[in-house]
Amino acid sequence: MPSPSGNEAKMPPVATRFAPSPTGELHIGGARTALFNWLYARRLGGKFILRIEDTDRERSTREFVQAILDSMSWLGLSWDEGPYYQTERMDLYRREAERLLARGKAYRCICTPEELDRRREEMKARKEKPRYDGRCRNLPPEAAEGKPYVVRFKTPAEGQTVVRDLLRGDVTFENGELDDLVLLRSEGTPTYNFVVVVDDAAMGITHVLRGDDHLNNTPKQLLIYEALGYPPPRFGHFPLIHGMEGGKMSKRDAETSVMKYRDMGYLPEAVVNYLARLGWGHGDQEIFSLEDLQGLFSLEHVNLSPSRFDINKLLHLNAHYMKEADPERLALLLIPYLKPHGIEASPSPRLVRIVQTLQERARTLVEMADAAVYYFREKETDPKAAAKFLTPEIAPVLEEIADAFSALPEFSSAATEAALSEVVARRGGTLKIHQPIRVALTGGTASPGLYDVMEILGREEVVRRISSAAKRIRRG
RNA sequence: GUCCCCAUCGUCUAGUCCGGCCAAGGACACCGCCCUUUCACGGCGGCGACGCCGGUUCAAAUCCGGCUGGGGACGCCA
């Protein structure tokens, strides 16, 4: 219970943000960052802001912006404000840079990129930490006239900056280790460490939750906050997601784009569940809906060590959600995955029935589509299956069964099962007939329950496929 | 090279803050068995970890130090 004079009472409502740069599709690691920020805001009744960091004009594209927005929506991560685009806020950044220049907190630097590169290489060769040597710090203002220049931050040479990390506690940096970083490029566009501060301050961000790779940037940003005279937000850095081989997750390990997982037939709830459990836990619980997560997520339970992306566990979770999912919804979702097989399906009760037979057998929508093909057209028979089950002595039995099915008053799974036992009984009761029929019907040895398959296929098609299998056997 | 972070089964994790309930629990994967018209699902069981060394303590996975190992950052990228 917060006292009237306590900090709690004055705490502004929580605001988090996700600030991707549209230089690629939404990365699986970025998606987790977005998820954690979204959850944190939701949990505390705050707002979640989306900001597109497109100041790198060379590499940012409209298409990537759209892909990121689509990925967020697919995952169910809605934003309360934005998307803001940094390229639309250039005036603000230039104004703030001017302010720093006027107060002597920043300076113009006329070193060329080539020169800088050269010096960096030299420093590396000398085994020093590569950094700007500050040679333009005290240049008279006229020196920059008529020349291209960048605006650099005047990092204090002395003292320490401590980052009070929400997850790791205090992390202390020597200011002397920090660089005079570039604030404005020679074309006048701002760089990351500068815009992020200006925007987070302007947007009232209270909590910056981001990947570990930004921990080293934080002291620089803190110093910029101070120079600008804005109160800094709280920071929390969680570990990166690694590939199975260790190291930043790359395409070598697994697909890194969220959209690709959708394309590979994963359900968004499985991806969300998996991402949440990667670096976070809640006792022994494994299954979490987005709604569960909103109520349970907390920074205290975020792990500090990097976790590896394990596609097997994602697959397992997806299989779980495939089983849980409403068959009508799955039927709708399945349609596009049928297209590559040349199947143009449309929503129907039959499609729902098909999905129901496949739900506990398919781990992804792609697997489900693969397994569903024989429901739509006769598949080529697997030669091994044919050799084993479509033997000459089985041909007359198949013919007998086809006849029995044709004579049935109604073609239900109960009826076909009864008819089949009758045939088997007539032949001595030890006949193994299921696999031959399965091969005749589906082209392979694995399928849902035979009677269900037959009911869905319908009498005409069942009789046709069984007879044609018998004919093929007789022809040799 | 310099700075920073991290360290429980192969992987994700519970336990670590407030040392004893932990001869370390769950999940994935893997291996067996059961169920079964096939394949799956499911059920049961197995395999499997506190990186190392020292310290504090009656007692350490839990606290402290060192070592080792892993990772990240050092751009006119974000």
Side-chain angles (χ1 to χ4, degrees), chain A residues 19-24 53-56 58-60 109 111-113 116-117 120 123-132 148-152 163 165 167-169 171-174 176-179 181-193 195-196 210-219 237 239-240 242 244 246-248 274 277-287 300-301 303-317 319 323 358-363 371 385 389 417 420 432-435 437-439 442 444-451 453:
Chain A
S21 80
T23 53
E53 309 224 325
D54 53 356
T55 57
D56 182 351
E58 307 270 296
R59 297 188 297 151
S60 300
C109 166
C111 297
T112 64
L116 260 14
D117 273 351
R120 228 184 328 263
M123 282 187 261
K124 274 186 183 165
R126 263 182 278 133
K127 308 235 178 259
E128 284 170 29
K129 181 168 184 163
R131 49 203 292 223
Y132 181 63
Y149 65 86
V150 299
V151 174
R152 275 185 195 276
V163 177
D165 192 274
L167 294 130
R168 298 159 206 270
V171 182
T172 305
F173 294 84
E174 292 293 332
E177 290 290 335
L178 274 23
D179 217 345
L181 73 183
V182 171
L183 265 23
L184 249 39
R185 301 185 184 96
S186 46
E187 323 88 59
T189 55
T191 59
Y192 170 72
N193 281 109
V195 255
V196 80
R210 66 210 333 186
D212 224 351
D213 49 343
H214 286 291
L215 186 52
N216 288 293
N217 284 325
T218 310
H237 295 89
L240 267 17
H242 286 179
M244 281 310 274
K248 268 188 171 174
Y274 180 67
R277 283 287 288 105
L278 209 52
W280 178 83
H282 184 258
D284 286 342
Q285 191 173 340
E286 296 286 349
I287 302 299
E300 295 81 71
H301 289 280
N303 253 260
L304 296 180
S305 50
S307 44
R308 297 182 181 217
F309 187 88
D310 182 6
I311 190 71
N312 271 322
K313 188 124 185 190
L314 208 209
L315 243 187
H316 170 261
L317 281 169
K323 272 175 267 181
L358 263 15
Q359 261 182 296
E360 59 186 26
R361 278 162 243 269
R363 295 177 299 177
F389 295 108
E417 181 163 8
L420 218 53
K432 299 258 191 244
I433 197 60
H434 288 95
Q435 283 304 75
I437 297 177
R438 176 169 280 113
V439 174
T442 70
T445 55
S447 86
L450 248 196
Y451 306 110
V453 172

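As the structure is a computational prediction, the values presented were derived from the model and not from experiment. In what follows, every heavy atom counts, from backbone to side chain, and hydrogens, waters and symmetry copies are set aside. Chain A is the first sequence line, chain B the second, and so forth, proteins listed ahead of strands; every chain is numbered from 1.
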Round to the nearest Å and state the distance from [X] atom [atom1] to [N] atom [atom2].
X: A/E360; N: B/C35; atom1: CD; atom2: P; answer: 18 Å
X: A/R168; N: B/A7; atom1: CZ; atom2: C1'; answer: 12 Å
X: A/N303; N: B/C12; atom1: CG; atom2: P; answer: 9 Å
X: A/N193; N: B/A78; atom1: CG; atom2: C1'; answer: 9 Å
X: A/R308; N: B/C9; atom1: CZ; atom2: P; answer: 11 Å
X: A/E300; N: B/U16; atom1: CD; atom2: P; answer: 13 Å

Original post:
Between A/D310 and A/Y274, what is the shortest heavy-atom contact and its length?
Top reply: N-OH, 2.7 Å
Under 3.5 Å between N/O atoms: give me all the protein pairs with nucleotides 42-49 of chain B, atom names plus distance.
unit_1: B/G42; atom_1: OP1; unit_2: A/K323; atom_2: NZ; d: 3.4

Original post:
Where the side chain of A/D310 is defined as all heavy atoms beyond and including C-beta, which of B/U13, B/U11, B/A29 is the nearest nucleotide?
Top reply: B/U11
Please classify the nucleic acid contact of [X] as base, sugar-phosphate, or nothing, using heavy-atom distances under 4.0 Å.
X: A/L450; value: base
X: A/T55; value: sugar-phosphate
X: A/Y451; value: base

In the strands shown, is [N] matched to any nucleotide by a Watson-Crick or G-U wobble pair with both distances under 3.5 Å, and which?
N: B/C17; value: none
N: B/G1; value: B/C74
N: B/C35; value: none
N: B/U57; value: none
N: B/G10; value: B/C28
N: B/A23; value: none

Subject >> B/U13 phosphate, OP1 or OP2, under 4.0 Å from A/S307 side-chain N/O >> reply: yes
**OP:** Could you tell me whether the phosphate oxygens of B/G71, OP1 or OP2, come under 4.0 Å of any side-chain nitrogen or oxygen in A/S305?
**Re:**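 Checking A/S305 against B/G71: no side-chain N or O falls below 4.0 Å of OP1 or OP2.
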What protein N or O atoms touch nucleotides 72-76 of chain B N or O atoms at under 3.5 angstrom, if any, and at what distances?
unit_1: B/G72; atom_1: OP1; unit_2: A/K248; atom_2: N; d: 3.0
unit_1: B/G72; atom_1: N2; unit_2: A/N216; atom_2: ND2; d: 3.1
unit_1: B/A73; atom_1: OP1; unit_2: A/K248; atom_2: NZ; d: 2.8
unit_1: B/A73; atom_1: O4'; unit_2: A/N216; atom_2: ND2; d: 3.3
unit_1: B/C74; atom_1: O2'; unit_2: A/P130; atom_2: O; d: 2.8
unit_1: B/G75; atom_1: OP2; unit_2: A/R120; atom_2: NH1; d: 3.4
unit_1: B/C76; atom_1: O2; unit_2: A/S186; atom_2: N; d: 2.9
unit_1: B/C76; atom_1: O2; unit_2: A/S186; atom_2: OG; d: 3.0
unit_1: B/C76; atom_1: N3; unit_2: A/S186; atom_2: OG; d: 3.2
unit_1: B/C76; atom_1: N4; unit_2: A/C111; atom_2: O; d: 3.2

Please give the distance between the [atom1] atoms of [N] and [M] as a whole number of Å.
N: B/C35; M: B/C44; atom1: P; value: 15 Å
N: B/C6; M: B/U13; atom1: C1'; value: 16 Å
N: B/G51; M: B/G45; atom1: C1'; value: 30 Å
N: B/C47; M: B/C33; atom1: C1'; value: 15 Å
N: B/C64; M: B/U16; atom1: P; value: 14 Å
N: B/C17; M: B/A73; atom1: C1'; value: 28 Å
N: B/C67; M: B/A78; atom1: C1'; value: 36 Å
N: B/G19; M: B/U57; atom1: C1'; value: 9 Å

Below 3.5 Å, does any donor atom in the side chain of [X] face an acceptor in the base of [N], or the other way round?
X: A/Q285; N: B/G26; value: no
X: A/R438; N: B/U38; value: yes
X: A/R361; N: B/C39; value: yes
X: A/K313; N: B/A27; value: yes

**OP:** Would you please name every residue forming a ring-ring contact (aromatic ring centres under 6.0 Å, His included) with A/Y132, sequence neighbours left out?
**Re:**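 Testing A/Y132 for ring-ring contact (aromatic ring centres under 6.0 Å, His included), a comparison that skips the adjacent residues, returns none.
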Rounded to the nearest 0.5 Å, how far does [atom2] of [Y] lie from [atom1] of [X]?
X: A/R308; Y: A/K313; atom1: CZ; atom2: NZ; value: 15.5 Å
X: A/R210; Y: A/H237; atom1: CZ; atom2: NE2; value: 4.0 Å
X: A/T218; Y: A/F173; atom1: OG1; atom2: CZ; value: 7.0 Å
X: A/L314; Y: A/R363; atom1: CG; atom2: CZ; value: 11.5 Å

Subject >> Set of side chain to side chain contact (heavy atoms under 4.5 Å, CB included) partners for A/H282, sequence neighbours left out >> reply: A/W280, A/Q285, A/F288, A/L296
Subject >> Partners passing side chain to side chain contact (heavy atoms under 4.5 Å, CB included) against A/L304 (at least two apart in sequence or in another chain) >> reply: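 Only A/L167, A/R168 meet the side chain to side chain contact (heavy atoms under 4.5 Å, CB included) criterion with A/L304.
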Subject >> More than 12 heavy atoms of other groups within 6.0 Å of A/R277 CZ >> reply: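 Atom CZ in A/R277 is packed in, count exceeds 12.
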**OP:** Could you tell me whether a side-chain N or O of A/T191 sits under 3.5 Å from a main-chain N or O of A/V182, the two making a donor and an acceptor?
**Re:**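 Answer holds: yes.
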Subject >> Nearest-nucleotide comparison on RNA chain B, the residue closer to the 5′ end among A/V171 and A/E286 >> reply: A/V171
Original post:
Can you find a heavy atom in the side chain of A/I437 that is under 4.5 Å from one in the side chain of A/L420?
Top reply: yes
Subject >> By salt bridge (charged side-chain N to carboxylate O under 4.0 Å, His left out) - contacts of A/D117 (at least two apart) >> reply: A/R120
Subject >> B/C41, syn or anti by chi within 90 degrees of zero >> reply: syn
